[in-house]
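Reviewing the structure listed below.
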Amino acid sequence: QVQLVESGGGLVQAGGSLRLSCAASGRTRRTYAMGWFRQAPGKEREFVAGISWSGGTTDYADSVKGRFTISRDNNKNTSYLQMNSLKPEDTAVYFCAARAIGNVATYSAAYSYWGQGTQVTVSS
């Protein structure tokens, strides 16, 4: 089992930045790919970014390419989502996820472990 805890959410003005963190604990010695998803009110959960176990492969939703950067520090069992040039449409609850396979996946069913989510609100 892997437990995930997100942090770093908050309220920011449009054009601002936030960095989300996802701390993993438990069976972290396995090679887990990590992902970030988000869910806005009344909408389905959507893929935001993913990173392979090694960090050598990343993938992004088209809506965040060039603005968001995913990274990880395996020594700290932590992944990060740096969000720049934030827009009001980025407002959502952001979830961290892990899958016990090392390669990136862009669909939520591929991930077995989820954090509780952290709210990101971007004001216009």
Side-chain angles (χ1 to χ4, degrees):
Q1 292 292 329
V2 175
Q3 293 78 46
L4 303 173
V5 178
E6 303 97 335
S7 60
L11 173 64
V12 64
Q13 289 187 334
S17 299
L18 283 174
R19 189 175 83 154
L20 305 183
S21 299
C22 174
S25 61
R27 291 189 175 182
T28 56
R29 291 188 177 183
R30 296 188 62 178
T31 56
Y32 290 97
M34 303 294 293
W36 286 92
F37 290 75
R38 67 187 181 186
Q39 187 167 17
K43 295 187 177 181
E44 294 186 353
R45 190 171 298 188
E46 63 175 359
F47 172 78
V48 175
I51 188 167
S52 62
W53 162 251
S54 67
T57 301
T58 57
D59 199 0
Y60 297 91
D62 288 343
S63 60
V64 306
K65 281 181 180 176
R67 300 188 298 122
F68 291 11
T69 303
I70 188 171
S71 61
R72 66 189 299 162
D73 184 340
N74 287 341
N75 291 326
K76 296 182 178 179
N77 295 321
T78 301
S79 69
Y80 306 95
L81 185 67
Q82 178 66 44
M83 305 185 295
N84 299 329
S85 302
L86 282 161
K87 305 175 181 180
E89 51 263 44
D90 294 319
T91 295
V93 177
Y94 283 71
F95 297 90
C96 173
R99 65 192 299 251
I101 299 175
N103 57 308
V104 177
T106 61
Y107 53 102
S108 59
Y111 292 82
S112 301
Y113 306 103
W114 292 84
Q116 81 288 351
T118 185
Q119 177 70 46
V120 171
T121 303
V122 184
S123 62
S124 57

**Prompt:** What residues form a salt bridge (charged side-chain N to carboxylate O under 4.0 Å, His left out) with Lys43, not counting sequence neighbours?
**Reply:**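 None.
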
**Request:** Using the test salt bridge (charged side-chain N to carboxylate O under 4.0 Å, His left out), find all partners of Asp59 that sit at least two apart in sequence or belong to another chain.
**Result:** none

To the nearest 0.5 angstrom, please state how far the [atom1] atom of [X] sits from the [atom2] atom of [Y].
X: Thr58; Y: Phe68; atom1: OG1; atom2: CZ; result: 14.0 Å
X: Arg99; Y: Ser108; atom1: CZ; atom2: OG; result: 11.5 Å
X: Trp53; Y: Asn103; atom1: CH2; atom2: CG; result: 13.5 Å

Please find the pair of heavy atoms, one from [X] and one from [Y], that lie closest to each other, and give the distance.
X: Met34; Y: Cys22; value: CE-SG, 3.9 Å
X: Ala98; Y: Tyr32; value: CB-CD2, 4.3 Å
X: Pro88; Y: Ala14; value: CD-CB, 4.1 Å
X: Ser85; Y: Ser17; value: N-OG, 4.3 Å
X: Thr78; Y: Ser21; value: CG2-CB, 4.3 Å

**Item:** Stepwise side-chain contact (heavy atoms from CB on, under 4.5 Å) test for Gln119 and Leu11
**Value:** CA-CA 8 Å; Gln119 177 70 46; Leu11 173 64; over 6 Å; no

**Asked** Got a sec, which residues hit side-chain contact (heavy atoms from CB on, under 4.5 Å) with Ser54, two or more places apart in sequence or on another chain?
**Response**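 side-chain contact (heavy atoms from CB on, under 4.5 Å) list for Ser54, sorted by chain: Ser52.
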
For the side chain of [X] and the backbone of [Y], is there at least one donor-acceptor N/O pair under 3.5 Å apart?
X: Tyr60; Y: Ile70; value: yes
X: Glu6; Y: Gly117; value: yes
X: Gln116; Y: Val5; value: no
X: Arg72; Y: Gly55; value: no

With a 4.5 Å cut-off on side-chain heavy atoms, are [Y] and [X] touching?
X: Val64; Y: Arg38; answer: yes
X: Gln13; Y: Leu86; answer: no
X: Thr69; Y: Tyr80; answer: no

Quick check on the hydrophobic clustering: are [X] and [Y] connected, directly or via other members, by side-chain heavy-atom contacts under 4.5 Å?
X: Val48; Y: Tyr113; answer: yes
X: Met83; Y: Val93; answer: no
X: Val12; Y: Leu81; answer: yes
X: Leu4; Y: Leu18; answer: yes
X: Tyr111; Y: Val2; answer: no

**Asked** Between Asp90 and Lys87, is there a salt bridge with N-O shorter than 4.0 Å?
**Response** no

**Request:** Going by the ring-ring contact (aromatic ring centres under 6.0 Å, His included) test, name the single residue among Phe37, Trp36, Tyr107 that passes it with Phe47.
**Result:**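 The option that passes is Phe37.
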
